[in-house]
Each structure stands twice: as C-alpha cells, then as structure tokens.
Protein chains: 2
Amino acid sequence: MVNETQHPCSASSSSRSDGGSSSGSESSKDNSRCSTPVLDADRHERLREKMRRRQEAGDKWFSLEFFPPRTANAAVNLISRFDRMGAGGPLFIDVTWHPAGDPGSDKETSSMIIANTAVNYCGLETILHMTCCNQTKDDITGHLQKAKRLGLKNIMALRGDPAGEEWEEEVDGFNYAVDLVKHIRNEFDDYFDICVAGYPKGHPEAESYEADLRHLKEKVFAGADFIITQLFFRPETFLKFMKDCQAIGITCPIIPGIFPIQGYHSLRQLVKLSKLEVPQEIKDVIEPIKDNDAAIRNYGVELAVSMCRELLDSGVVHGLHFYTLNREVATTEVLKRLGIWKEDPRRPLPWAVSAHPKRRVEDVRPIFWASRPKSYIYRTQEWDDFPNGRWGNSSSPAFGELKDYYLFYLKSKSPREELLKMWGEELTGEESVFEVFTCYITGEPNRNGYKVTCMPWNDDPLATETNLLKDQLEKVNRRGILTINSQPNINGKPSTDPIVGWGPSGGYVFQKAYLEFFTSSEIVTALLKVLKKYELRVNYHIVNVKGQNITNAPDLQPNAVTWGIFPGREIIQPTVVDPVSFLSWKDEAFALWIEQWAKLYEEESPSRMIIQYIHDNYYLVNLVDNDFPLENCLWQVVEDTFELLN
Amino acid sequence: MVNETQHPCSASSSSRSDGGSSSGSESSKDNSRCSTPVLDADRHERLREKMRRRQEAGDKWFSLEFFPPRTANAAVNLISRFDRMGAGGPLFIDVTWHPAGDPGSDKETSSMIIANTAVNYCGLETILHMTCCNQTKDDITGHLQKAKRLGLKNIMALRGDPAGEEWEEEVDGFNYAVDLVKHIRNEFDDYFDICVAGYPKGHPEAESYEADLRHLKEKVFAGADFIITQLFFRPETFLKFMKDCQAIGITCPIIPGIFPIQGYHSLRQLVKLSKLEVPQEIKDVIEPIKDNDAAIRNYGVELAVSMCRELLDSGVVHGLHFYTLNREVATTEVLKRLGIWKEDPRRPLPWAVSAHPKRRVEDVRPIFWASRPKSYIYRTQEWDDFPNGRWGNSSSPAFGELKDYYLFYLKSKSPREELLKMWGEELTGEESVFEVFTCYITGEPNRNGYKVTCMPWNDDPLATETNLLKDQLEKVNRRGILTINSQPNINGKPSTDPIVGWGPSGGYVFQKAYLEFFTSSEIVTALLKVLKKYELRVNYHIVNVKGQNITNAPDLQPNAVTWGIFPGREIIQPTVVDPVSFLSWKDEAFALWIEQWAKLYEEESPSRMIIQYIHDNYYLVNLVDNDFPLENCLWQVVEDTFELLN
C-alpha cells in the first residue's frame, strides 16, 4: 500500500478527510492556506531557524562582524563593503555597539543606522549588538523599540565595559548581560532572536572558568538562542570550551569567533582590550616580521585557515564568525580558501531583496529603480503593504519624496574631483554630454584619458546583462539617445543561467526588451511618428520634466517585463513597467541631472547651463518590445527614427 | 512640439505635474490606480456602455430573446442552447417574465432562475423582463432585490397584460411601465440598466400613435436607458418610428425587434397576441405553403435577412434584437447570412467567465473543474472575493458542498437509457470500465455499437485541445489509467491560435502538460517508484476517496499550468493546480462514479458493485510536467510505470 506523507499545510486536511465522509467537501473548509508563495525560505525564517536548517542540511556557513565607522564617508564605504561581502553569502552580519558614539541615534555613523541600512538596503540578516551597563531601563527599551521599528530582528546582548576602573553593581539596574536578556524576553516576548557572548578561556573578570560557564548557562536559560565566542588562538581552546558547555547542559548553537591576524598593531590592540594572551608559537613568528604588513597578513590567513579547517573537521562546528575589523581582503581570502565563500549567481529575484520583515512578501517592483534599489527602498519605506504577485493590486502608489540626494547610502562613492574628471571639467555642448554617456557604455577612456565608471543614475559600472547590448547602446548614445536603463529580451533561459537567471533551479526566466533614455524633443517628434508603425508591439511612455506625458499603455496598466516559471509554483513577475510609478521616477531621474551633475559646476557657468538646458528640454522615454520571442525591435525603432530625421 | 495625450487614469497626474515642481514626487501621490488588470473591457462595462462603445466603433451587434421553459428537462436544454448561441457573440440575451408561471420563484423554470443561470453559469449579459400591473410595490421591490442579489444588472420594465378584459387603474399602484421605471430609479438609484418597449405602429391600446410616442418619451425621461421595439414586418415601419422618436426628443438607442417567421401557427399566434396585422404581400406568399414548415422557415429567413440588411444599411441601426421563440436554426441562419454571428475562437480566458459583477475580477481557477465550470461556479457562489492575479492570495478556499448532483444545469443532457447504452447495460469487470473510457477518447462505437459521447466527469465530447493527445490517451486508458482531464504543454503559441489561444491578440500563451486520472493502487505503487526518478520535473498529487494524500508540492503551493503574456499587461495565469482545492475536487470526482454511473444499475447488481469497488479502491492522480519547453514527459512516466509492473 501507499504510504501517507504529511505536509505542513496538509496535515489537518488529510487527517480530517480520513475520518470524514467520502462526498461533500467539508474536508478543505478550514484549511489554513499558505497565502504567500515562498520563493526563498530565507525570507521567511528567523535567524535561529536558518541556523537549524543549515545544520540539519550539513551546510557550513559563516558570519561577519563590523563596527560602526567614524565618518559619513567611511559609512558610504562600509555600505559598499556590505554589498560586496554580502555577495559571498554570510548567514548574517553583526554591528557592534559603541556607547561613546551615540549608538542608538539617527546619525549615519550610529550602530543603529548602520544595522538598519544593512537589513533594509543591503538585504542582510543582521544582529545589532547592545550593551546594558550604565544605562537606564527606559533608554534600553527605547533602543529596542527603535530596532524593532526599523525591522531589526536580532540582538547580541552584552554587558559592556563599565565606565571607571572600579565598578559597583547598581541595585535594580542592568549589571550583567543576563539582565538584558531577561529584559528583552520580558518586554518583547519572542520577537527578537538573542545572541550572547561566550569566553573560551573564561571572562577575564570572572572568578573562575567554571563560574564563567555558569554565568553563560544563566544567559542561555534566560532566553538566549545562540552563543558567539570571543576570539581564541588554538582550535583546542574552542573545542574544550564547547565540550564543557555541553557538559553543564548548554545545548544551543555555539559559534566560534575567528580573528584572522591582519597586522601587528591591530593584534596588540585587541589583545590589550580583551586581556587575552597570544601563544608563544605565534609571537615567535610575528615578532621578526612585525614591520612587514603583507607577511603578517599572509601568516594570519594561513593560521586562520588551518584553525578553521580543524574546527570544521571536528564535526561539531557548523558556522564560523569572523571579526573583520571592517576589512575585506583577509577574511574573504580565508573564506574562499575554506570553500565557504559562495558567490551564488542565483538570485532569489532579479533585484536585491530587503530583509525587513514588512517586505518579506514583496516580489514586484517597477524596473525604473533597477540601478538605484536603495532609493526605491527609501522612497517606499512608509508603505504598509508591498506588492505581491501583481503590481496592479498594490495598495499604495505613493512614493516618498527624495529631498536629500546626499542621503548617505545613496551618495556617490566618488569625490567631486573624480566626477569632474569622468563627466568633464568643462562641457562645450550637448555633444560633450553624449560623449560621457558613450564612454560609460564602452568603458573606453574619455578625451582626457579618464574612464567613466559611474553616472548620476548608476553608481556602478555597467551590469553584465547590459553588456549584452553594448554595441547597440554605444551607437545610439553617440547620436543623443542617452540611455540610463535597458534589458535584453529573453525567451526562456534556465533559471540557473549565470547572467540572466534568478529564482529556484529547474525554472525558466523570460524578459521583454526594455530601453529607457533621455533625448531631445526633435528626436521625440520623429520617434512618435515611427512608433505608429509598431502599434501594439511597442509600448512607450514619454514624459518631460513638467510632466507632459505621452503613452499608449492600455488603461495605464503595468506591463510585466521580467517573469519566471518554476516547478510547482505560481508565476513570479518581479519587474514591471508601471505608468503611474514612472511619473515618480521621472522626478528623481530629472533631478539627478541637477543634483549630481549640474551642481559640480559654478552657477551661471556654461557647463552648468548645458546640463540645465537638457534637464529643462529633454524627454525621458521608455520603450518595451512586447514580442519577446522575436528579435528585439527597439534598435530598429531608434534606427528608423534617425533615418526619418535625416 | 509633441502633443499631449490624455489617458483616463493619467489625466489628473499629468495636469498636476504640469503645475508642480520638477523634483520630488508629489505628482503621483494620490493617483487613483487601475487596481485590476482589465483583460476584457466587456467584463467591466455596463450594458449601456457596451452599446455605446459598439456604436462608436461602428460594430454591428445582435441580441436574443428567450422565454422560460415549462419543464425542468426543457430548462436543461435551454441552458445548452444559451451556451451554443452564446458562442455567436450576442451583446445580451433577455428572458421574458410570465406572471402566471411564478416568475420570481426559485423553481428551475422561473424567469428569475433562468436569467440567473444565463448570467452566472453561461456568462451572458442578461436582461430580465419584469411586469408591474396587478402587483404590489413590495412584491416588485422583492423581485428587484432578488435580481440584484443574483447578479442581474438589467431590467426590461413592462406593464404586462391586465388580468381581465376590462381594467381599471389602481390608485398609487403600478398602472404603466413608466411607474415601474420610476420605482426602480427611486429604490435602486442607478444600479440597473433599464430597457423599455417601443411600438413602431403604436401600442394597440393607445389613443393614437402620437399619444403612444409621448408615453414612450415619458418612460425614457423617467430613466430608461434604451428601447427595444415590438416586432414589425416592413423596415420602413421602424425607420419612420425612429425618426418620429427623435423628432420629439428621444435620443437613447432604439433597437428593432426582429421576428424571423418560423412557421404558420407561431406567426398566427403571435399576431393575435400582439394585435398586429400581417401585410398582404406576406400573407400572399405564406398561405399557399402553410403546411410546408421548411418552406415557410426558408421564406422567413429570406424575409428577415432582407429586412435586417435594409435596417443596417440605413446607417441608423447598430443592433438587432431577435425574437427566437427559444429556437436556434432560423435565427442563427439569419445572423450568419448577415455576417454578424461571430463565433470568435478567441476566449478572454481559457475558461468561460461568469457575468456576475462579483466575479468580474476573477482570473484564476483550479484546473480540476475544467469540464465542469458550472459546478465550480456553483460551489464558489458564496465567496465574497475571487482570486485575481494569483490563486495563493485567494481569501477563501472553502468550497460549497455539491449535495444535489441533479442540480438542473448540471444534469446530463442524456436520459438514463442512453447512458446505459454508452456506459454498458452490464459491466463484467474493471476492464469493461476501461473500455468505456477508451471509446470516449477514440470516438469509436463500443462493443454494442454505441458511441460514448459523454462521461460522468464531462457531459460533452472531447475538447479540440484534448484531441491533440488522443493517441496517447487511448493507449493509457486501455491499460487502466482512466483519464478525466488533460492538457498538452504549449511553449508560446500566439494568443490568437484557434485551438489553444485565449486573451487579447498580440500575446503568447503557455501551458504545462497536465494529466489527471483514476487508477488502481497497484499502478499507484509502481507510479510512485517511477516518479522518484523525475524529481522536481513532475509534481504529483495522489489521493483516494478516504483522503489519503501523497504529494511533492512544495509547501502545498499552487502550480500555475496555463499563463499568457500580453502587450502592455501583467502576466495572466488563469489555471492552477492547487493542492488544497484538489481535496474538494476529489470529493466531487469520486462521488460522480456513484451518482452518475453506479446508480444506473440495480442495487447489489454486479455492475453496480464494480463501480462501487473502483470508487472505494482507486486513486485520483494528477501529474504536472514542469518542463514546458521540452517534450511532455508524462507519457514516459506512464510507460515506465507499466514497464515496472511487467
């Protein structure tokens, strides 16, 4: 006979049917439905569940620790680092808490805002550290409420360093991390996943190693979900600690903290702070090469790799936590050599998803913000619901204003002088603007020998996918079709395709060809004549800065331009050309001419007036070729337009 | 310069942007969104808007009048006629009101229920006639409320025939149609579209032709939206009437009522009732051939065609209303010869949509009811929301019970004796059941020489699309894979494809291969072994009558198996394999063995016990091949299963 398999959602219905009558359909009446198609379990699980799932599957993982930067510029760079290191697939990152640096404030350098940016804008599972000593209950509750509001779901509960040398316990205050753990569970129930610190050699201030283990057990029994350890220098230190923890009944995950030695001074500083002793065999190697940074880093990488290998081979370690010191090279190399850096070209969706719990069902976005996803997230942060399944059902089309173009995580990574070199110290006419666009596309240096690696609409070099269109794009930009967004048509490539693939394996992805550009009103006039010939095949929206709007979109409906078909699922259509959102995007797209480019030049200067002229007189155009199985006709549309003009 | 084009939804946003600032995005903040993708404008417009749109587009149209049948059997036949004549594309049908026949009751022969069935189950725009004389205000309001509740949106407001020969006006009562028009507008505001009757020769009881025109004007000014005329015999009669109406200020549409003469007696009867005089030139032709039905019908068709041509050629007539007398042949022939019978193979969706206003956004259904759409509509009639865009978001999965398998519009059109001839007077074993399934697929006569043109799960012969799979289906049915539903895979055929196409033109339609069948537990055991090899490629659900349920559907999510990509729209995915609904369907599918087949035989008879055995022991299986671009692997799955068994 056939075995009965139980599935999460079917359990109740199948058992009810078993006992029920054979006709009628009561059996399905109060099934709870899985109301959201789960494309990616990672978006729906909490951190402790992800950890458990990885462990059960035997997948090794890693996590990365960062501290908040001192300056706004450093914050911009740290966020780029989050994006780059996020590509390696950390299970989470964590951001330390610096009581002296106003960590709960809204400053771009605060722990709170850096963690917020990591979750919401970089889509990373994030743990926010929090210390409790010398703080009032109200302050702490306030921080936790704010963290929750921002979408943070995990807290590392720490005591923190007391203010003076001598320190006395406050009655009813927070004296130990365990007080903070209890407070979080009391006030926020099970909302947060809580992590606590473990000391493989015992906390330096503890009476004894055994006493410290008992404190750790208290923290776990008060509600902590897992433990991350202080750094250590020998694998056996950790393995003994782990055994000792288990012996006294600590069963939650214990994650070793790995510190790849990256330099003589940073090591000395850390050792001083943590009151750890560096083993003699390490000192013996380091002292003779202490002035050779490269040599020390190489040694540090070797040492970390060998220690991590031993830990992973032990069979009891499933994840490794790295103290990065906000640096990329050493940690990335260790991870790559261990084979756990997984630059997975497979994206769950064609755009980077946010890790805010409110956005976990989000699976449709307008294509316009493809190169500015952080701006999109910012401008939709007030939405209560996110479009899911279909854009047309989205409840709120109201986009927040983008007043501050220098919002720190949207700021160009390049300083003004560099931008001037790329985009021209002095513009001589519209043609010199065409040249800048063309150089960005081709990757060739401009007439002054500088490569154009970013544009006001895109802070990064051209996407791999856009490279497929390079030759065509170059041709049209030279002639004043100033492209800012495009995608080729795709007729059913495997979802695992390294360039255009996304979503679970076994599926097929599709795209309609898309082209978006600024151009002059002369070209628009000719273009409109040409578009008549193409009728329904090409949908267009043409708008100028004043909002004059020309379109052939039926009933202003959105047009799905990216979609995927997967085994056992409904259709996913993550990108649409939405005529209504386009009007919000055009405000942003036009404003970037002024905010990012024109303002590089003196007021009243000819260069500035050229950009201002383009801003005031050009049109923003988008074109979709609906016939995705045929050869992309948009190049022909542009060709026909130029022909008509000649 | 470029001209500014206004679009319905963009009007406000573009004018607001004109005057607004050039940055920020206020302009789109309170745009009202078109929240539902409009696949087919017909589903969203009211009748008077449809009429206007057709007239503006210069499209000629027709409508059909029916009267309620006397018996339940006749009702079943009338509903089939609705389906067949609905295929010709009438703008609407109307159902007359017979005060003597309890027209507002729940009897299957009442005007109300026939109109309800036309709207909800046949998807036809429908006008319900209603008469008012000799009725109380409360009765009338009750009828109107019920009509509204059932989803009826149009009323033909009539006086009706007074009960006796002599008739006195009731004070405060409903004496004329105009009283009913006013009452509807008072009590139901603009909810209903209202139609009134016009008399091209004047109402027989009116003081004069002119007085009758004034009455008509009163009805229109009281709130009627359009006029349908009494029949007439000469086109000039109608054209003069129309001119006279316009002369006194009647501007609403006036639709000529066309009566194709179908027989001598029906003509005489109608003439007597309507107090019309048949012109001498017609009498001269008819009298000599009055006993030759075919000759009279031919003459009637000729006459109607020539009159309709003259009306349409006049340029003032856009639609023609046909008095069908519940017959098909003559009217259909007139319509075909006029070229306005439009058997459009293009369906808005792959399944027949319902015209109930509540269901106008519905665009996803489970595939299981593909051959029993009326049952699906019946079992979901209590739903408040209908799935739109995605099945997964559907709020209610609760299917109503289908207790009465003889619900009149679900009743088999074939009587018991005929079913016995098709399905076997006497069954000798499971193999004789296999034979019935096989004969249904092949269209070959069974061993007693009868063709099997219907099955308990499908009251119609095999769909054209299924014919594509005929050879394969025959092979597997012979061996005990008893198929009840299937579709081939389709990898992007034009939406205008005559067999598998649906939706607006210019699009592409897709399907995953689907196969659903009953089979024995031996075959299921082998099948499950085979399915392991296919992993994610094939999704399956296997269930027996007791509800034992085996599936590999991820998280019990629905699998989209039909979808379409259209110019300027989001993806439409009208058919899903939904694991939760499948459990409701299985109750119905298993019950049909007993209700439709087993009960044809005496209790305890061997034939009945064979069907009962199958009902109790077989499994209902569905299979989806997710790899739609490749050759359908489901036949290989079945082949492998048989091989394993041998």
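Below, chains carry the letters A, B, ... as their sequence lines are ordered, and counting in each starts from 1.
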> Can you list the residues that meet the ring-ring contact (aromatic ring centres under 6.0 Å, His included) rule with Tyr618(B), with sequence neighbours excluded?
Replying inline: none
> So, the side chain of Ser495(A) versus the backbone of Pro504(A): is there a donor-acceptor pair under 3.5 Å, distance only?
Replying inline: yes
> Do you know which of Asn539(B), Leu536(B), Ile571(B), Asp627(B) has the most heavy-atom pairs with chain A at a distance under 4.5 angstrom?
Replying inline: Ile571(B)
>> Using a 3.5 Å distance criterion without hydrogens, assess whether the side chain of Trp383(B) forms a donor-acceptor pair with backbone atoms of Ala398(B).
In response: yes
> Who among Ile565(B), Asn491(B), Asp625(B), Ile594(B) has the most heavy-atom pairs with chain A under 4.5 Å?
Replying inline: Ile565(B)
>> So, using side-chain hydrogen bond (donor to acceptor under 3.5 Å, both in side chains) as the criterion, who are the partners of Asn617(B) when residues are at least two apart?
In response: none
> Considering only heavy atoms, which portion of Phe582(A) lies under 4.5 Å from any heavy atom of chain B: side chain, backbone, both, or neither?
Replying inline: neither
> Can you check whether Ala513(B)'s main-chain N or O pairs, donor with acceptor, with Asn489(B)'s side chain at less than 3.5 Å?
Replying inline: no
> Between Gly492(B), Pro629(B), Gly506(B), which has the largest tally of heavy atom pairs under 4.5 Å with chain A?
Replying inline: Pro629(B)
>> Given heavy-atom pairs under 4.5 angstrom as the criterion, report whether the side chain, backbone, both or neither of Val624(B) touches chain A.
In response: neither
> Most heavy-atom pairs under 4.5 angstrom with chain B, which of Pro567(A), Gly568(A), Ala560(A)?
Replying inline: Gly568(A)
